[in-house]
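In each ligand, atom 1 is the first atom listed, and ligand 1 is the first ligand listed.
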Amino acid sequence: AHRVFDPRVSTGGDRVKYSRIAGTGSYLPDKIVTNHDLEAIMDTNDQWIRERTGIRERRTVIEGETTATLARAACQKAIEAADVDPNEIDLFVMGTTTPDLVFPSTACLLQKQLGLPDCGAMDVNAACSGFMYALSVGDKYIRCGDARKVLVCGAETLSRIVNWNKRETAVLFGDGAGAVVLEASDEPGILSTHIHANGNYVDVLTTNAGISVGWDAVAENDGKPEIMMRGNEVFKVAVRTLGRIVEETLSANDMDKTDLDWLIPHQANLRIIAAMARMLDMNMDHVVVTVDRHGNTSAASVPLALDEAVRDGRIQRGDMLLLEAFGGGFTWGSALIKY
Ligand code: ACO
C-alpha cells in the first residue's frame with residue numbers, strides 16, 4: 001500500500017539508505033559592483049583584489065531585496081528543477097548568518113510563500129559553512145526516515161554587515177542564494193557529510209555587535225554590525241583545516257582523491273581554492289570557481305557554484321562531487337556526493 005508520510009509526527013518511518021539531490025537552483029541580485037567601482041570609494045585597486053583574492057566583481061542587494069527574497073528565488077528554481085510538489089516537502093533548512101529578522105527565522109518567513117506544508121522550518125547559523133551544516137541536517141532527516149523530501153538553502157546578504165569604509169573586508173563579500181531539494185533514494189546520493197567547529201578562534205573572524213551583547217559598536221558603521229577579520233590568520237587555518245576534512249571525508253568512504261570528478265569549494269579566495277586543488281591533485285578544470293564573479297557569498301557560495309555547474313552541463317549525473325566550506329566560528333564542513 002502507498003505509504004502516507006506525515007511530517008508532523010516523528011515516526012522513525014521507513015529508513016532509506018541515501019538522500020540524493022533531486023534539483024538545484026540559485027539566484028543573484030542584479031546589481032554588480034566591480035573592483036573599479038570600489039576603487040572610487042576606498043583606497044584599493046583592481047590589481048590587488050584580483051591577485052590576492054581572484055575576485056573581479058560581486059553582486060549586492062538594493063533596497064527592498066533581503067536574504068529572504070534571494071532565497072525565495074533560489075528555492076523556487078530548485079523546486080522546479082527537482083519537479084516536486086512543494087506541498088510534499090517535509091523539512092526546510094536554511095543556512096544563513098544574515099537572516100532578515102531575529103525571528104521568525106528566514107525559513108519560516110518563506111515557508112508559506114514557497115507553498116510548503118506545516119513542515120519544520122529553521123535557520124542554521126554556521127557562517128560560511130552554513131550550507132554544509134544545513135545539508136547535513138537534511139541528509140540525516142532523510143536517512144533516519146523522518147523525511148522524504150527536504151529543501152536546503154544557503155542565502156546571505158553579507159553586503160549589509162560589511163563596513164564599506166574598510167578595504168580589508170569590504171572587497172571580499174557579495175550577496176546571493178543557492179538551494180537544493182533532497183529526496184529519499186535507495187541509490188547514492190549523498191555518501192557522507194562532515195561538520196566541525198572550534199570556538200577558540202572567535203576573535204579572528206567575528207561580528208562586533210549583536211542582539212544580546214548590544215549595539216554600542218554599530219555607531220562606527222552606519223548603525224550596522226560589521227565583519228571583523230584577521231584575514232591572514234583565517235587563510236592559514238582554512239587551508240590546513242580544509243586539507244584535514246578532505247582526508248576525513250575520503251577515508252570515511254574508503255575513497256581516494258582520484259575518485260573525485262569535481263571539487264565544489266567555498267568561494268572565499270581563489271588562492272585557498274587553488275591550494276585545495278593542488279592537495280587533491282586536481283586540475284582547475286575540475287574545480288567549480290565562481291569567486292571571480294560572486295566574491296564570498298558565505299553560506300550561499302557552495303550551492304551557487306553547484307547550481308551553476310549543473311545548469312551549464314559540466315556536472316553530470318553519476319559524477320563524484322566533493323563539497324567543502326570553512327568560515328566564522330571557526331566552522332567547517334564537507335559532503336561527498338554521487339550526483
Ligand atoms: N586593497 C589594497 N590593499 C589592501 C586591501 C585592499 N582591499 N586589503 C588589505 N590591503 C593591504 C594591507 O593593508 C596590507 O598592507 P601592508 O603590507 O602595507 O600592511 C597588504 O595589503 C597585505 O594584507 P594581508 O591581509 O596580509 O593580505 P593577504 O594576502 O592575507 O590577503 C585576504 C588578505 C584576501 C583577506 C586573505 O587573507 C584571505 O582571503 N583570507 C581568508 C578569508 C576567508 O577565507 N574567510 C573565511 C570565510 S569568511 C566568513 O566566514 C564570514
A.B. asks: Provide, to 0.1 Å, the distance between atom 6 (C) of ligand 1 and the closest protein heavy atom, together with that atom's residue and name.
C.D. replies: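 Its nearest protein heavy-atom neighbour is T44 OG1, 3.3 Å.
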
A.B. asks: Could you check whether atom 2 (C) of ligand 1 has a protein contact, counting only heavy atoms that fall below 4.0 angstrom?
C.D. replies: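 It does: a protein heavy atom is found less than 4.0 Å away from atom 2 (C) of ligand 1.
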
A.B. asks: Just to confirm my output: which protein heavy-atom neighbour is closest to atom 31 (O) of ligand 1, and how far is it?
C.D. replies: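 Of every protein heavy atom, R271 NH2, 3.5 Å lies nearest to atom 31 (O) of ligand 1.
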
A.B. asks: Which of the numbered atoms in ligand 1 are below 4.0 angstrom from a heavy atom of G328?
C.D. replies: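 Listed by number with element: 49 (C), 50 (O).
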
A.B. asks: Give the atoms of ligand 1, by number and element, whose distance to some non-hydrogen atom of C128 is under 4.0 Å.
C.D. replies: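 Ligand 1 atoms under the 4.0 Å threshold to C128: 47 (C), 48 (S), 49 (C), 50 (O), 51 (C).
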
A.B. asks: Is any NZ, NE, NH1 or NH2 atom of the basic residue among E308 and R314 found under 4.0 Å from an Asp or Glu carboxylate oxygen of the other?
C.D. replies: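 Here E308 pairs with R314 in a salt bridge, since their nearest N and O are under 4.0 Å apart.
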
A.B. asks: Heavy-atom contacts with G327 under 4.0 Å: which atoms of ligand 1 show up? List them by number with element.
C.D. replies: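 What qualifies from ligand 1 is 50 (O).
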
A.B. asks: For atom CD of E233, is the number of surrounding heavy atoms from other residues, nucleotides or ligands below 6.0 Å larger than 12?
C.D. replies: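 Correct, the count exceeds 12.
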
A.B. asks: Where is the nearest protein heavy atom to atom 35 (C) of ligand 1: which residue, which atom, and how far?
C.D. replies: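 Its nearest protein heavy-atom neighbour is L172 CD1, 3.8 Å.
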
A.B. asks: Given I272, which of V234, T53, V239 fulfils the side-chain contact (heavy atoms from CB on, under 4.5 Å) condition?
C.D. replies: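 Exactly one option meets the side-chain contact (heavy atoms from CB on, under 4.5 Å) with I272, and it is V239.
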
A.B. asks: How about NZ on K338, more than 12 heavy atoms from neighbouring residues, nucleotides or ligands closer than 6.0 Å, or not?
C.D. replies: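 Not more than 12 within 6.0 Å, no.
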
A.B. asks: Before accepting this row, confirm whether a basic side-chain N of the pair D186/K17 lies closer than 4.0 Å to the acidic partner's carboxylate O.
C.D. replies: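 Salt bridge between D186 and K17, a charged N being under 4.0 Å from a carboxylate O: no.
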
A.B. asks: Would E226 and K166 satisfy side chain to side chain contact (heavy atoms under 4.5 Å, CB included), going step by step from the backbone distance to the final call?
C.D. replies: CA-CA 10 Å; E226 66 173 282; K166 285 201 183 150; 3.1 Å; yes

A.B. asks: Students should be able to answer this: which protein heavy-atom is nearest to atom 46 (C) of ligand 1, and at what distance?
C.D. replies: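 It is V234 CG1, 3.7 Å.
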
A.B. asks: Find all atoms of ligand 1 within a distance of less than 4.0 Å from any non-hydrogen atom belonging to F326, and give their numbers and elements.
C.D. replies: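 Result: 47 (C).
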
A.B. asks: Numbering the atoms of ligand 1 from 1, which are under 4.0 Å from a heavy atom of V171?
C.D. replies: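 That gives atoms 7 (N) of ligand 1.
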
A.B. asks: So, is G231 polar-close to ligand 1, with some N/O to N/O distance under 3.5 Å?
C.D. replies: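 Yes: some nitrogen or oxygen of G231 is under 3.5 Å from one in ligand 1.
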
A.B. asks: Given N45, I272, N269, V239, which has its nearest heavy atom closest to atom 39 (O) of ligand 1?
C.D. replies: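 The option holding the nearest heavy atom is N269.
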
A.B. asks: For M229, state whether at least one heavy atom is located under 4.0 Å from any atom of ligand 1.
C.D. replies: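 Judged by the 4.0 Å heavy-atom criterion, M229 does count as contacting ligand 1.
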
A.B. asks: What I want to find out is whether R293 reaches E57 closely enough, with some N-O distance under 4.0 Å, to be called a salt bridge.
C.D. replies: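 A salt bridge is absent here (no side-chain N lies under 4.0 Å from a carboxylate O).
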
A.B. asks: Is there side-chain contact between I264 and L322, with heavy atoms separated by less than 4.5 Å?
C.D. replies: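 Answer no - side chains too far apart.
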
A.B. asks: Strictly below 4.0 Å, N to O, side chains only: are E183 and R20 in salt-bridge contact?
C.D. replies: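 Between R20 and E183 there is a salt bridge, with a charged N closer than 4.0 Å to a carboxylate O.
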
A.B. asks: How about atom 21 (O) of ligand 1: does it have a protein heavy atom within less than 4.0 Å?
C.D. replies: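 It does: a protein heavy atom is found less than 4.0 Å away from atom 21 (O) of ligand 1.
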
A.B. asks: Return the closest protein heavy atom for atom 24 (P) of ligand 1 as residue, atom name and distance.
C.D. replies: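 Nearest protein contact, heavy atoms only, for atom 24 (P) of ligand 1 is N232 ND2, 4.0 Å.
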
A.B. asks: My question is simple, although I want it checked carefully: is atom 29 (O) of ligand 1 less than 4.0 angstrom from any protein heavy atom?
C.D. replies: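 So atom 29 (O) of ligand 1 has protein heavy-atom neighbours under 4.0 Å.
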
A.B. asks: Of the listed options (H266, R167, E168), which comes nearest to atom 13 (O) of ligand 1 when hydrogens are ignored and any heavy atom counts?
C.D. replies: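 Answer by nearest heavy atom: R167.
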
A.B. asks: Among H266, Q267, E156, find the residue that satisfies the side-chain hydrogen bond (donor to acceptor under 3.5 Å, both in side chains) test when tested with S301.
C.D. replies: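 The side-chain hydrogen bond (donor to acceptor under 3.5 Å, both in side chains) with S301 is passed solely by H266 among H266, Q267, E156.
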
A.B. asks: Please state whether M42 comes within less than 4.0 angstrom of ligand 1, counting heavy atoms only.
C.D. replies: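 M42 does not count as a contact of ligand 1 under the 4.0 Å cut-off.
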
A.B. asks: If you measure from the Lys or Arg side-chain nitrogens to the Asp or Glu carboxylate oxygens, is any gap between K112 and D118 under 4.0 Å?
C.D. replies: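 Judged by the 4.0 Å cut-off on N to carboxylate O distance, K112 and D118 do form a salt bridge.
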
A.B. asks: Would you mind listing which atoms of ligand 1 come within a distance below 4.0 Å of any non-hydrogen atom of N296?
C.D. replies: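 Contacts of ligand 1 toward N296, numbered from 1: 47 (C), 48 (S).
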
A.B. asks: Find all atoms of ligand 1 within a distance of less than 4.0 Å from any non-hydrogen atom belonging to A268, and give their numbers and elements.
C.D. replies: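 Listed by number with element: 43 (C), 44 (O).
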
A.B. asks: For D312, I'd like to know if atom CG has over 12 heavy atoms of other residues, nucleotides or ligands within 6.0 Å.
C.D. replies: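 Enclosed: over 12 neighbouring heavy atoms sit under 6.0 Å from CG of D312.
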
A.B. asks: Salt-bridged, D292 to R56, with N to O below 4.0 Å?
C.D. replies: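 A salt bridge is present here (some side-chain N lies under 4.0 Å from a carboxylate O).
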
A.B. asks: Identify, by atom number and element, the atoms of ligand 1 in contact range of R52, meaning under 4.0 Å from any of its heavy atoms.
C.D. replies: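 Listed by number with element: 22 (C), 27 (O), 28 (P), 29 (O).
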
A.B. asks: Let me confirm one number: the CD-CG distance from Q111 to L151, rounded to the nearest 0.5 Å.
C.D. replies: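 Spacing of CD (Q111) from CG (L151) equals 10.5 Å.
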
A.B. asks: When you look for heavy atoms under 4.0 Å from ligand 1, do you find them on the side chain of I227, its backbone, both, or neither?
C.D. replies: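 Within the 4.0 Å criterion, I227 makes no contact with ligand 1.
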
A.B. asks: My understanding is that we take every heavy atom of each candidate and find the minimum distance to atom 34 (C) of ligand 1. Doing that for T53, T169, N35, which one comes out nearest?
C.D. replies: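 Among T53, T169, N35, the closest heavy atom to atom 34 (C) of ligand 1 belongs to T53.
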
A.B. asks: Can you tell me the protein heavy atom closest to atom 8 (N) of ligand 1 and the distance?
C.D. replies: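 Minimum-distance protein heavy atom for atom 8 (N) of ligand 1 reads W48 CH2, 3.3 Å.
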
A.B. asks: Below 4.0 Å, non-hydrogen atoms only: which portion of L205 touches ligand 1? Side chain, backbone, both or neither.
C.D. replies: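 Side chain only; the backbone of L205 stays clear of ligand 1.
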
A.B. asks: Tell me if the CG atom of N283 is crowded by more than 12 foreign heavy atoms within 6.0 Å.
C.D. replies: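 Correct, the count exceeds 12.
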
